[in-house]
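Position 1 is the first residue of the sequence; numbering continues from there.
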Amino acid sequence: MTDAVSELRARSDALLAARVLTADGDPAGPIAHALDVRAAAEDVVRVVVQEARQAGATWQSIGDVLGVSRQAAFQRYGKPLDPRTGEPMNTAPLPGAAELAVATIEDLAAGRWPQVTARFDATMRDGLSEDSLAAAWAQIIGLSGAFEEHGAPEVVRAGDVTVTDTRLCMEAGDYTARISYRDDRSIAGLFIRPQETS
């Protein structure tokens, strides 16, 4: 942990020096240094979380301290091992997954079924035809009215796929579009379910 703390100190010192040097210059200059400090602080948190885990802390107790769920704490700081190989799993989401989800949703809303199904992986192609996809979308429209807008996708890595959850706002109800992408950017899963209400 001393390396992470030393790096945090060095970046904090650079931030303070930049604030003094730019007092008469560009007021936005210290922002880059502040971002460096934030990144270094995150590195310290990551190291401390791993030390806490090695000492026996549960993900629930870590999540409580961080103010998040145990699942969110694990997803951010955990190092899951692939049960097939015993090697650390890739936990980085597919770059551009949010944009892929938005494009898929916009194609659904516009009725561009061929564009959606063209992105399916082999299993999806075998299980969901263009006609079935159109029928499923028509069912949602029949229950909740026309599509109005979508929210910003939430993106997380789950094993071999990147999962996106996007809120869909219809005239008379809200849904979540869960779309999973493989690393080759093909669609491995597509589910639209009513939004959970609290």
Open item on the list: Checking side-chain hydrogen bond (donor to acceptor under 3.5 Å, both in side chains) between R167 and each of E154, E149, Q195, H150, which is the one that passes?
Closed with: Q195

Flag side-chain contact, heavy atom, 4.5 Å: [X] against [Y]:
{"X": "L94", "Y": "L100", "value": "yes"}
{"X": "D165", "Y": "P153", "value": "no"}
{"X": "I187", "Y": "I179", "value": "yes"}
{"X": "K79", "Y": "Q50", "value": "yes"}
{"X": "I192", "Y": "L108", "value": "yes"}

Heavy-atom pair with the smallest gap, counting every atom of [X] and [Y]:
{"X": "P80", "Y": "F74", "result": "CB-CZ, 3.7 Å"}
{"X": "T58", "Y": "R53", "result": "CA-NH1, 3.8 Å"}
{"X": "G86", "Y": "L81", "result": "O-CD2, 3.8 Å"}
{"X": "A177", "Y": "I105", "result": "CB-CD1, 4.2 Å"}
{"X": "M89", "Y": "D82", "result": "CG-N, 3.3 Å"}
{"X": "A73", "Y": "L66", "result": "CB-CD1, 4.2 Å"}

TODO: Answer yes or no: is there a donor N or O on one side and an acceptor on the other, between the side chain of R178 and the main chain of F191, under 3.5 Å?
DONE: no

Open item on the list: Test your reading of the model: is there a side-chain donor-acceptor pair from R112 to the backbone of P114, 3.5 Å cut-off?
Closed with: no

Reported [atom1]-to-[atom2] distance for the pair [X] and [Y], which is rounded to 0.5 angstrom:
{"X": "R185", "Y": "T162", "atom1": "CZ", "atom2": "OG1", "value": "10.0 Å"}
{"X": "T104", "Y": "R119", "atom1": "OG1", "atom2": "CZ", "value": "4.0 Å"}
{"X": "R157", "Y": "T91", "atom1": "CZ", "atom2": "OG1", "value": "8.5 Å"}
{"X": "I62", "Y": "Y77", "atom1": "CD1", "atom2": "OH", "value": "10.0 Å"}
{"X": "D126", "Y": "F120", "atom1": "CG", "atom2": "CZ", "value": "11.5 Å"}
{"X": "D160", "Y": "D183", "atom1": "CG", "atom2": "CG", "value": "7.5 Å"}

Open item on the list: Parallel, tilted or perpendicular: which one describes the rings of F147 and W137, with boundaries at 30° and 60°?
Closed with: tilted

Cluster check [X], [Y]: I/L/V/M/F/W/Y, side chain < 4.5 angstrom:
{"X": "M124", "Y": "V163", "value": "no"}
{"X": "V65", "Y": "V45", "value": "no"}
{"X": "L143", "Y": "L168", "value": "yes"}
{"X": "V102", "Y": "Y175", "value": "no"}
{"X": "L133", "Y": "M170", "value": "yes"}

Task: Salt bridge flag under 4.0 Å for residues E42 and R76 - done: yes

TODO: Indicate yes or no: does R182 engage D184 in a salt bridge with an N to O separation below 4.0 Å.
DONE: no

Task: Among T164, V161, L190, side-chain contact (heavy atoms from CB on, under 4.5 Å) partner for S180 - done: V161

TODO: Would you indicate whether Q60, at its atom CD, is surrounded by more than 12 heavy atoms from other residues, nucleotides or ligands within a distance under 6.0 Å?
DONE: yes

